[in-house]
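Notes to accompany the following structure.
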Amino acid sequence: MARLLPSIISLCFHYVIVTTVFISIPRLTHSSTLEADTQILRALKHSIDPSSISPISYLNSWDFSVDPCEGMGTQFLGILCSNPLDNSSKRITAIDLDVIGYDGFLTPSIGNLTELTVLSLDKNKFRGPIPDSILNLRKLTRLSLADNYFTGTIPTEIISLKKLEFIDISGNRLSGSIPATISGFRNLTYLSLSNNEFAGPIPDLTGLWQLHTLDLSTNQFHGNLPNLPMRLRSLLLNHNILSGHISPVTRLRHLRKLDVSDNRLSGIISKEVLLLPRLVHLNISLNHFTTIETINFFGEDTLLQVLDAEYNRLHGYLPVNLVTIQNLTTLNLAHNLFSGTIPREYGDKPGQSWRSLYLDNNFLSGNLPPKFISHTARLTGSLANNCLRCPTKIRLCRGGQRPSSECVGQNSCSR
């Protein structure tokens, strides 16, 4: 036993040493996020003016001493990562920055995030061109760069991003024309190019057959209305230089909102437009329309609530059949060339469905409909600057009337 004791002691000593050595070997850390993706996030943050990164911002939470895809809840806000089933590295799949006023450029290396599906940088101060490298983001489904200071044009090759479902690049300083290739986005449901400096004709967009929202407002598009996607629910073309007729919209049976105001459209506003079965809001103001074609709408399946046709060249008598649009609540026919008396049928509507009525700055004359006088307390609007015998105690009559002599010639032209 005495001979075995030194051996036992020696064995225990070696065990302690070996155990200590294994414990003291630092654990080899494996980065969860692909290193190339991490470097791109670094480049994105470095391209932003540090003074625009506030302490409460998402970018301030990007601490690169921590793995981006392994950060805790308050770290690396605004990014999402893939979760591979094997041991491969995680990839960045979404960048969705907060509205904080980041001031800088979008790094061209963004195009190397090839697993990215969402890029959203809305309402910041990104400047310069949108890098051509985004054309490498073949898995992108959502591109939202609205309300920044991006410049340049839309590249023709953007069609390579075939999985895009949502594009919003509104509120920038982009220019040029819409490439005809844009009609190849078969998955696109939302497209907004509004509030930019785009110009030229609008190409045929029927290929965007799943599109439900199209906003091209506040640009410099000119020419006739193009062929449009059949499933559109919202069509905003206001504040452009479009001309010709409005008839192409009559095919859009799903349309709920149509705004073509402040263009140079002309001719007739046909009954087919007013009869679009799902149309709720129609703004055709500030154009050159001359006639509203109406029918008796009783029994017709129309949902129209708002009709704004001010600042046109509409003439003749006020269309009586507008009172038969059952759901109409807002009617604006101001600043036109209407003459004659206000139809007595208009007198019943303020006490029923009408909430807003603007007939000011026309050439209307005569007395108000009797019921009109008693129901106007619940009505907003104006009858000013006509030739009406309009009691000053009625709020809608405020603003005065023209001399009756100014309406004589208009009245004779209406007959």
Side-chain angles (χ1 to χ4, degrees), residues 217-218 224-225 234-250 252 255-297 300 302-343 345-346 349-350 353-364 372 379-386 388 396 399 407 410 413-414:
S217 60
T218 316
N224 296 334
L225 295 183
S234 179
L235 176 58
L236 308 177
L237 302 175
N238 46 301
H239 305 300
N240 281 288
I241 321 171
L242 298 169
S243 56
H245 297 286
I246 198 175
S247 53
V249 306
T250 59
L252 308 179
L255 204 59
R256 294 181 58 82
K257 182 174 183 179
L258 173 61
D259 190 343
V260 293
S261 61
D262 195 13
N263 280 284
R264 298 176 183 176
L265 298 168
S266 59
I268 296 174
I269 304 160
S270 70
K271 62 181 182 299
E272 285 79 15
V273 175
L274 301 179
L275 283 170
L276 285 169
R278 299 185 184 181
L279 190 62
V280 174
H281 186 112
L282 174 60
N283 190 343
I284 49 178
S285 62
L286 290 155
N287 278 287
H288 300 162
F289 293 113
T290 56
T291 306
I292 297 180
E293 184 182 28
T294 63
I295 60 171
N296 189 326
F297 292 95
E300 298 289 348
T302 175
L303 302 177
L304 190 64
Q305 295 179 14
V306 176
L307 173 56
D308 188 345
E310 68 174 332
Y311 284 102
N312 275 284
R313 299 172 182 176
L314 301 171
H315 61 272
Y317 295 118
L318 290 172
V320 177
N321 278 326
L322 291 179
V323 303
T324 64
I325 301 177
Q326 294 296 299
N327 294 295
L328 194 66
T329 61
T330 299
L331 177 60
N332 188 347
L333 301 177
H335 293 274
N336 279 289
L337 304 172
F338 286 114
S339 58
T341 59
I342 298 176
E345 290 86 351
Y346 278 39
K349 301 306 289 186
S353 60
W354 287 5
R355 299 288 177 266
S356 179
L357 176 64
Y358 287 87
L359 300 177
D360 54 289
N361 291 280
N362 280 284
F363 296 90
L364 302 171
F372 197 86
L379 192 67
T380 61
S382 177
L383 301 175
N385 209 24
N386 283 286
L388 295 164
L396 270 62
C407 299
Q410 292 291 334
C413 292
S414 299

Side chain to side chain contact (heavy atoms under 4.5 Å, CB included) evaluation trace for L333 with L322: CA-CA 11 Å; L333 301 177; L322 291 179; 4.2 Å; yes
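Atoms CG and CG, on D360 and N362 in that order, are 7.5 Å from each other to the nearest 0.5 Å. The distance from the CG atom of N385 to the CG atom of L364 is 10.5 Å, given to the nearest 0.5 Å. Interatomic distance, CG of L318 versus CD of E345, reported as 11.0 Å (0.5 Å rounding). Considering CG of L314 and CD1 of I292, their distance stands at 5.0 Å, rounded to 0.5 Å. Between L396 atom CG and L388 atom CG the span is 11.0 Å, to the nearest 0.5 Å. Between atom CD1 of residue I295 and atom CD1 of residue I325 there is a gap of 9.0 Å, rounded to the nearest 0.5 Å.
With hydrogens and angles disregarded, no donor-acceptor distance shorter than 3.5 Å links the side chain of N386 to the backbone of F338. In this structure a side-chain-to-backbone donor-acceptor pair under 3.5 Å is present from N327 to T302.
The shortest side-chain heavy-atom distance between L265 and I284 does not fall under the 4.5 Å cut-off.
For residues 308-335, no pair satisfies salt bridge (charged side-chain N to carboxylate O under 4.0 Å, His left out), with sequence neighbours left out. Applying the salt bridge (charged side-chain N to carboxylate O under 4.0 Å, His left out) test to pairs two or more places apart or on separate chains, those with a residue in residues 267-276 are K271-E293. The side-chain hydrogen bond (donor to acceptor under 3.5 Å, both in side chains) contacts involving residues 276-292 comprise H254-R278, N283-S285, where partners must be two or more places apart or lie in separate chains.
When the side-chain hydrogen bond (donor to acceptor under 3.5 Å, both in side chains) test is applied to S217, the partners found at least two apart in sequence or on another chain are D215. Residues that satisfy the side chain to side chain contact (heavy atoms under 4.5 Å, CB included) test with S356, not counting sequence neighbours, are T330, Y358, T380. By the side chain to side chain contact (heavy atoms under 4.5 Å, CB included) test, Y311 pairs with L286, H335, sequence neighbours left out. Residues that satisfy the ring-ring contact (aromatic ring centres under 6.0 Å, His included) test with Y346, not counting sequence neighbours, are W354.
When all heavy atoms of A309 and N336 are compared, the pair lying nearest together is O-ND2, 3.1 Å.
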Using atom types as modelled, flag every donor-acceptor pair under 3.5 Å from a side chain in residues 239-247 to any protein atom, sequence neighbours excluded.
| from | atom 1 | to | atom 2 | distance (Å) |
| --- | --- | --- | --- | --- |
| H239 | ND1 | D262 | OD2 | 2.8 |
| N240 | OD1 | N219 | N | 3.3 |
| N240 | OD1 | Q220 | N | 3.3 |
| N240 | OD1 | F221 | N | 3.0 |
| N240 | ND2 | L216 | O | 3.1 |
| N240 | ND2 | L237 | O | 3.0 |
| N240 | ND2 | N238 | O | 3.3 |
| H245 | ND1 | S266 | O | 3.4 |

